[in-house]
Amino acid sequence: MIDYIKGKCSELSPTRVVIETAGVGYELNISLTTYSSIEGKEEVRLYVYENIREDAWVLFGFATKEERELFFNLITVSGIGGNTARSILSSYSTSELVAIIANKQVDLLKAIKGIGAKTAQRIVVELADKVKDVVLPETVVVSAEQSRRNGALSPSGEEAVAALTMLGFAPAPSKKVVLKLLEDDKTLSAEALIKKALKMM
């Protein structure tokens with residue numbers, strides 16, 4: 001089993017990274033939380049989860065052991081696979097997600113694209129006690145108002161996310177990328193946002 005991979009960051013996007021070590025390039029799927037942690041770094045170390053199937057060997061990478069532990073917990077919930085778990089981890093920071101689940105804030109989980117009421121309920125029922133064992137530097141309580149304020153999109157941003165979703169990109173990562181672009185330039189049109197986001201996905 002691979003615990004972590006350390007090496008040169010040769011390719012990076014908000015959803016994947018290629019780490020070169022000992023002449024081998026390893027492709028890992030990452031969350032936007034991990035992307036933010038390693039962006040701009042030449043050498044990185046990511047903790048690994050191996051998803052070995054008959055038709056593929058897929059690696060997921062995490063900037064911290066805590067994020068990987070949350071991923072482990074999420075994929076034990078019925079109906080949540082690796083990519084859905086990654087979308088959830090992209091929507092909130094590790095400490096925010098622990099607080100949301102521990103405090104059984106179902107509405108904040110339902111706000112994540114692709115997570116319905118039943119799945120959100122299963123997450124809090126099955127993981128509320130487990131996530132309390134995840135050791136974090138601080139506990140964050142997230143209110144619905146804070147969530148809306150931190151993730152508010154302009155009309156052009158909403159249009160861009162909708163278009164990216166239609167193109168096959170996961171909604172949560174698409175929203176994160178669009179929000180980042182709007183932080184740099186709030187005047188960007190939907191078309192400009194889509195073009196710039198496609199270069200980052």
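FYI, the numbering just counts along the sequence from 1. Please read these numbers as outputs of a predicted model, since none were measured by experiment.
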| Is there a side-chain contact between Leu46 and Ile30, using heavy atoms and a 4.5 Å cut-off? | yes
| Rounded to the nearest 0.5 Å, how far apart are CG of Asp185 and NZ of Lys196? | 7.5 Å
| Salt-bridge present (Lys8, Glu42; N to O < 4.0 Å) | no
| said: Side chains of Thr33 and Glu67 only: does a donor on one sit below 3.5 Å from an acceptor on the other? | reply: no
| query | Can any side-chain N or O of Thr34 pair as donor or acceptor with the backbone N or O of Ser31 at less than 3.5 Å? | reply | no
| remark: Shortest non-hydrogen pair, Thr76 vs Glu126, comes out as O-OE1, 4.1 Å
| 4.5 Å side-chain heavy-atom contact, Asn73 and Leu127 | yes
| said: Keeping Glu96 on the side-chain end and Ser93 on the backbone end, is there a donor-acceptor pair under 3.5 Å? | reply: yes
| request: Taking the side chain as every heavy atom from C-beta outward, state whether Ile88 and Ile80 have any pair of such atoms under 4.5 Å apart. | output: yes
| request: Give a yes or no on whether the backbone of Gln105 and the side-chain of Asn103 come within a donor-acceptor separation of less than 3.5 Å. | output: no
| said: Between Glu50 and Ile2 (side chain of the first, backbone of the second, donor and acceptor by atom type, cut-off under 3.5 Å), is there such a pair? | reply: yes
| query | Can any side-chain N or O of Ser90 pair as donor or acceptor with the backbone N or O of Arg86 at less than 3.5 Å? | reply | yes
| Shortest non-hydrogen separation from Leu70 to Val98 and the atoms involved | CD1-CG2, 3.9 Å
| field | Rounded distance [0.5 Å steps], OG1 in Thr15 versus NZ in Lys176 | value | 14.5 Å
| task | Could you please spell out the steps behind the side-chain contact (heavy atoms from CB on, under 4.5 Å) verdict for Leu188 and Ser156? | result | CA-CA 8 Å; Leu188 289 171; Ser156 61; over 6 Å; no
| query | Is there side-chain contact between Asn51 and Leu59, with at least one heavy-atom pair below 4.5 Å? | reply | no
| task | For Arg68 and Asp3, run salt bridge (charged side-chain N to carboxylate O under 4.0 Å, His left out): C-alpha distance rounded to whole Å, both residues' side-chain angles, the deciding distance at 0.1 Å, then the answer. | result | CA-CA 10 Å; Arg68 181 174 66 177; Asp3 184 48; 2.9 Å; yes
| request: Measure from the side-chain N and O atoms of Arg122 to the backbone N and O of Ala117, and report whether any donor-acceptor pair falls under 3.5 Å. | output: no
| message | Would you compute the distance between atom CZ of Phe72 and atom NZ of Lys65 and round it to the nearest 0.5 angstrom? | response | 11.0 Å
| said: Rounded at 0.5 Å granularity, tell me how far CD in Glu27 sits from CD1 in Ile5. | reply: 11.0 Å
| query | Can you tell if the side chain of Glu20 reaches within under 4.5 Å of the side chain of Val24, non-hydrogen atoms only? | reply | no
| query | From Leu108 CG over to Ile101 CD1, what is the distance, rounded to the nearest 0.5 angstrom? | reply | 11.0 Å
| request: Please assess Val131 against Leu97 for the test side-chain contact (heavy atoms from CB on, under 4.5 Å), listing each intermediate value before the final yes or no. | output: CA-CA 9 Å; Val131 297; Leu97 190 56; over 6 Å; no
| message | Taking Val48 as the starting point, is it possible to reach Val18 by hopping between hydrophobic residues whose side chains are less than 4.5 Å apart? | response | no
| request: Apply the test ring pair (Phe, Tyr, Trp, His ring centres under 6.0 Å) to residues Tyr49 and Phe71: give CA-CA distance (whole Å), side-chain angles for both, the deciding distance (0.1 Å), then the verdict. | output: CA-CA 9 Å; Tyr49 171 76; Phe71 180 88; 5.2 Å; yes
| Stacked cation flag Arg45 on Tyr4, 6.0 angstrom / 45 deg | yes
| Side-chain heavy atoms under 4.5 angstrom apart, residues restricted to Ile, Leu, Val, Met, Phe, Trp, Tyr: same cluster for Leu89 and Tyr47? | no
| task | Determine, step by step, whether Glu191 and Lys195 satisfy the salt bridge (charged side-chain N to carboxylate O under 4.0 Å, His left out) criterion, reporting the C-alpha distance in whole Å, the side-chain angles of both residues, the deciding distance to 0.1 Å, and the verdict. | result | CA-CA 6 Å; Glu191 183 180 358; Lys195 288 180 179 179; 3.2 Å; yes
| said: Between Ser37 (side chain only) and Ala63 (backbone N and O only), is there a donor and an acceptor less than 3.5 Å apart? | reply: no
| Heavy-atom pair with the smallest gap, counting every atom of Ala85 and Ile75 | CB-CG2, 3.8 Å
| Contact check, side chains of Lys6 and Thr21, non-hydrogen atoms, under 4.5 Å | no
| Heavy atoms, side chains only, cut-off 4.5 Å: are Ile115 and Lys110 in contact? | no
| Is there a side-chain contact between Tyr35 and Leu12, using heavy atoms and a 4.5 Å cut-off? | yes
| said: Show the nearest heavy-atom pair for residues Val17 and Cys9, with the distance to one decimal. | reply: CG2-SG, 3.7 Å
| note | Looking only at heavy atoms, the pair that brings Ser91 and Ser87 closest together is OG-O, 2.9 Å
| request: Mind checking the CD1-CG spacing from Ile194 to Leu181? Nearest 0.5 Å is all I need. | output: 11.0 Å
